[in-house]
Amino acid sequence: MENKVLSIVIPCYNEENSILDLVKKVNESPIKNKEIIVVDDCSKDNTRAILEKDVKPLVSQIIYHEVNQGKGAALRTGFKHATGDAVIIQDADLEYDPNEYPLVVEPIFNNEADVVYGSRYLNQKRKGYLANRVANWFLTKLSNVFTGLKLTDMETCYKCFKREVIQSIDLVENRFGFEPEVTSKLARKGIKVKEVPISYYPRTNEEGKKIGFKDGLRAIYCIWKYR
Ligand code: UDP
Ligand code: MG
């Protein structure tokens with residue numbers, strides 16, 4: 001437990017307003033041994049300059065995509081390079097709180113679980129766009145029908161895996177289809193997913209939120225496709 005390492009994979013696309021603050025928070029989070037991997041998904045704003053100048057000294061690795069491919073593709077790149085005992089996904093915005101890593105990571109470090117999802121809807125006040133909440137609720141329920149899991153938040157960003165587990169799953173979805181895809185593929189392998197409550201501070205579209213209606217439709221398709 002004491003000497004276990006957490007790999008934090010940060011997919012990052014046009015996040016000039018938050019990436020530096022986020023990486024600082026990740027660094028200050030209460031996990032002793034961290035490997036921070038940023039995957040820049042071909043940002044077109046000032047993100048790359050910030051990464052090269054300010055973020056580089058604070059992280060283990062920055063990998064640059066030559067074309068923008070989507071969150072799923074950025075995560076695949078990050079997972080490939082991870083060497084820690086556990087791997088957690090961290091968006092490059094400030095919607096989730098790195099201070100809560102222990103909640104999600106400790107069951108894995110303690111060998112109580114292979115995969116832990118942080119749920120925004122267990123014991124939490126309602127937050128975020130109503131449309132997004134309804135969509136997340138619906139997609140989670142639909143995913144549960146096909147996977148047999150009993151999740152409350154399939155679309156959560158805070159997914160933490162034993163490194164060997166995530167590296168053994170063959171992933172293909174480039175964009176936000178990653179969430180239902182990985183959930184289905186874990187279920188098909190008979191891997192149990194533990195959920196723990198976490199906090200959520202949603203941002204608006206104006207603040208850079210990129211997920212949209214089309215991604216919801218794609219999620220429905222992915223739930224079916226990878227069932
Ligand atoms: N992202 C990416 N490539 C893209 C779009 C998004 O790497 O083409 C990253 C983005 O920078 C963020 C994460 O994926 O760190 C999730 O994006 P967002 O916060 O917009 O979506 P949500 O939190 O609603 O799932
Ligand atoms: Mg986000």
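Whatever order the structure lists ligands and atoms in, that order sets their numbers, starting from 1.
When each atom of ligand 1 is checked for a heavy atom of K71 under 4.0 Å away, the hits are 2 (C), 3 (N), 4 (C), 7 (O), 13 (C), 14 (O), 16 (C). Under a 4.0 Å criterion applied to the non-hydrogen atoms of E95, ligand 1 contributes the atoms 19 (O), 23 (O). The contact set between ligand 1 and F176, taken as ligand atoms under 4.0 Å from a residue heavy atom, comprises 16 (C), 17 (O), 21 (O), 25 (O). Ligand-side atoms of ligand 1 in range of D41: 2 (C), 3 (N), 4 (C), 7 (O), 8 (O), range being under 4.0 angstrom from any heavy atom.
With hydrogens left out, the protein atom closest to atom 22 (P) of ligand 1 is K209 NZ, 3.5 Å, a heavy atom. At the top of the distance list for atom 12 (C) of ligand 1, counting protein heavy atoms only, stands E15 OE2, 3.5 Å. Scanning all protein heavy atoms for the shortest distance to atom 20 (O) of ligand 1 gives K210 N, 2.6 Å. For atom 18 (P) of ligand 1, the nearest non-hydrogen atom of the protein is R203 NH2, 3.6 Å. Ranking protein heavy atoms by distance to atom 2 (C) of ligand 1, first place goes to Y13 CB, 3.5 Å. Of all protein heavy atoms, the one lying nearest to atom 9 (C) of ligand 1 is P11 O, 3.8 Å. Of the protein's non-hydrogen atoms, N68 ND2, 3.1 Å is the one closest to atom 8 (O) of ligand 1.
In this structure, Y117 and L186 have side chains that are in contact, with non-hydrogen atoms separated by less than 4.5 Å. Residues L6 and N33 are not in side-chain contact: their nearest non-hydrogen atoms beyond the backbone lie 4.5 Å or more apart. A heavy-atom distance below 4.5 Å is not found between the side chains of V39 and L75. I166 has its side chain within reach of L171: a pair of non-hydrogen atoms, C-beta onward, lies under 4.5 Å apart.
Of all the heavy atoms of R175, none lies under 4.0 Å from any atom of ligand 1, so neither backbone nor side chain is involved. With a 4.0 Å heavy-atom cut-off, ligand 1 is reached by no atom of N132. Of the heavy atoms in E155, none comes closer than 4.0 Å to ligand 1. Both the backbone and the side chain of A92 come within 4.0 Å of ligand 1, judged by heavy-atom distances.
The Mg ion (ligand 2) lies closest to atom OD2 when only the N/O/S atoms of D93 are considered.
Taking 4.0 Å as the cut-off, G70 counts as a neighbour of ligand 1 on heavy-atom distance.
Cation-pi geometry between K71 and F176 is not satisfied (NZ or CZ under 6.0 Å from the ring centre, within 45° of the ring normal).
A salt bridge links K159 with E179: the distance from a Lys NZ or Arg NE/NH1/NH2 to an Asp or Glu carboxylate oxygen falls below 4.0 Å. A salt bridge links R48 to D40: one of the charged nitrogens lies within less than 4.0 Å of a carboxylate oxygen.
Atom 16 (C) of ligand 1 has its nearest heavy-atom neighbour, among D91, D93, L94, in D91.
Going from atom CD1 of I62 over to atom CD1 of I10 covers 9.5 Å, rounded to the nearest 0.5 Å. Separation of atoms CG (N144) and CG (L151) is listed at 5.0 Å; rounding is to 0.5 Å.
Hydrophobic cluster membership differs between V87 and I108, with clusters built from Ile, Leu, Val, Met, Phe, Trp and Tyr side chains linked at under 4.5 angstrom.
Judged as a side-chain hydrogen bond (donor to acceptor under 3.5 Å, both in side chains), and not counting sequence neighbours, E16 has no contacts. Checked against salt bridge (charged side-chain N to carboxylate O under 4.0 Å, His left out), E35 has no partners two or more places apart in sequence or in another chain.
With the Mg ion (ligand 2) at the apex, D91 OD2 and E95 OE1 define an angle of roughly 130° (rounded to 10 degrees).
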